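Quantities reported herein were computed from a predicted structural model and do not represent experimental measurements.
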Amino acid sequence: MTNKKPAKMGNSASPQTNRAQNSRTSNNRAQTNNRAQSSRTQKSNAATSGSNLMPLLLVVIFLAGLIGAAQQHMLPYGIAGMYLTLSLLTFIAYAIDKSAAKRGKWRTKESTLHLLALMGGWPGALFAQNVLRHKSVKASFRNVFWLTVVANLAVLGYGIKTGAVDMFI
């Protein structure tokens with residue numbers, strides 16, 4: 001008795017049929033991946049839209065606080081006006097840079113945007129980052145930006161505490 005295994009029978013389909021089946025399988029996988037990615041994007045956008053409210057709320061509260069402090073004679077109107085003016089100028093600078101980025105034209109230096117934020121335009125910069133979606137992803141830029149915010153608020157706090165802001169009356 002000999003144990004002979006029957007010869008393996010390969011797929012009798014032609015190479016063209018195999019390619020067509022593989023192509024259909026690949027297309028199905030791609031559609032599934034696209035649906036999953038679309039679902040993740042929608043969830044990400046929903047999460048992002050909720051998180052965008054916090055910085056905008058911070059801007060509104062800060063500027064309202066400045067105006068309120070000026071009305072209560074705790075802060076010169078010039079300081080509130082300076083923050084509002086610099087915020088508007090900084091927002092415009094971000095908008096110009098965003099437009100230049102889209103067109104592939106000359107860009108505003110990051111150091112210029114940081115200097116505007118440091119001088120008091122950070123509320124406008126934060127508003128622009130969230131509304132225009134510009135300079136809102138690059139981690140190194142965001143880290144320096146938040147350092148400028150902290151530095152600006154520290155100087156403002158020091159000026160209020162020591163009475164140095166009274167020079168701006």
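When the options N143, T148, L147 are evaluated for a side-chain contact (heavy atoms from CB on, under 4.5 Å) with F145, the one that passes is T148. For the side-chain contact (heavy atoms from CB on, under 4.5 Å) with Y94, the qualifying choice from T90, I96, I92 is T90, the only one to do so. For the pairing with Y158, the side-chain contact (heavy atoms from CB on, under 4.5 Å) check across V155, T162, L156 returns one residue only, T162. The one candidate from R107, K105, K102 that meets the salt bridge (charged side-chain N to carboxylate O under 4.0 Å, His left out) condition with D97 is R107.
Shown here for A70 and A80, the closest heavy-atom pair between the two residues is CB-CB, 4.4 Å. For the residue pair K138 and E110, the shortest heavy atom distance occurs at NZ-OE2, 2.8 Å. V59 and P123 make their closest contact through CG2-O, 3.4 Å (heavy atoms, listed as atom of the first residue, atom of the second, distance). The minimum heavy-atom distance linking N130 with P55 is given by the pair ND2-CB, 3.4 Å.
Looking at T112, its side chain never comes within 3.5 Å of a backbone N or O of T108 through a donor-acceptor pair.
L153 is connected to L75 through a chain of hydrophobic side-chain contacts under 4.5 Å among Ile, Leu, Val, Met, Phe, Trp and Tyr, so both are in one cluster. Taken together through direct or relayed side-chain contacts under 4.5 Å among Ile, Leu, Val, Met, Phe, Trp and Tyr, F91 and L86 form part of one hydrophobic cluster. By the criterion of side-chain heavy atoms lying less than 4.5 angstrom apart, applied directly or through intervening Ile, Leu, Val, Met, Phe, Trp or Tyr residues, V149 is grouped together with L56 in one hydrophobic cluster. Using a 4.5 Å cut-off between side-chain heavy atoms of Ile, Leu, Val, Met, Phe, Trp and Tyr, with links allowed through other members, I160 and I61 fall into different hydrophobic clusters. In the hydrophobic clustering of this structure, L63 groups with M119; members are Ile, Leu, Val, Met, Phe, Trp, Tyr whose side-chain heavy atoms approach within less than 4.5 Å, directly or through other members.
For Y83 and W122, the ring centers are positioned 6.0 Å apart or more.
Taking CD1 of I79 as the reference point, atom CD1 of I67 lies at 13.5 Å (rounded to 0.5 Å). Between the CG atom of L116 and the OG atom of S87 there is a distance of 10.0 Å, given to the nearest 0.5 Å.
Two residues are said to be in side-chain contact when any heavy atoms from C-beta on lie closer than 4.5 Å; F141 and L113 meet this criterion.
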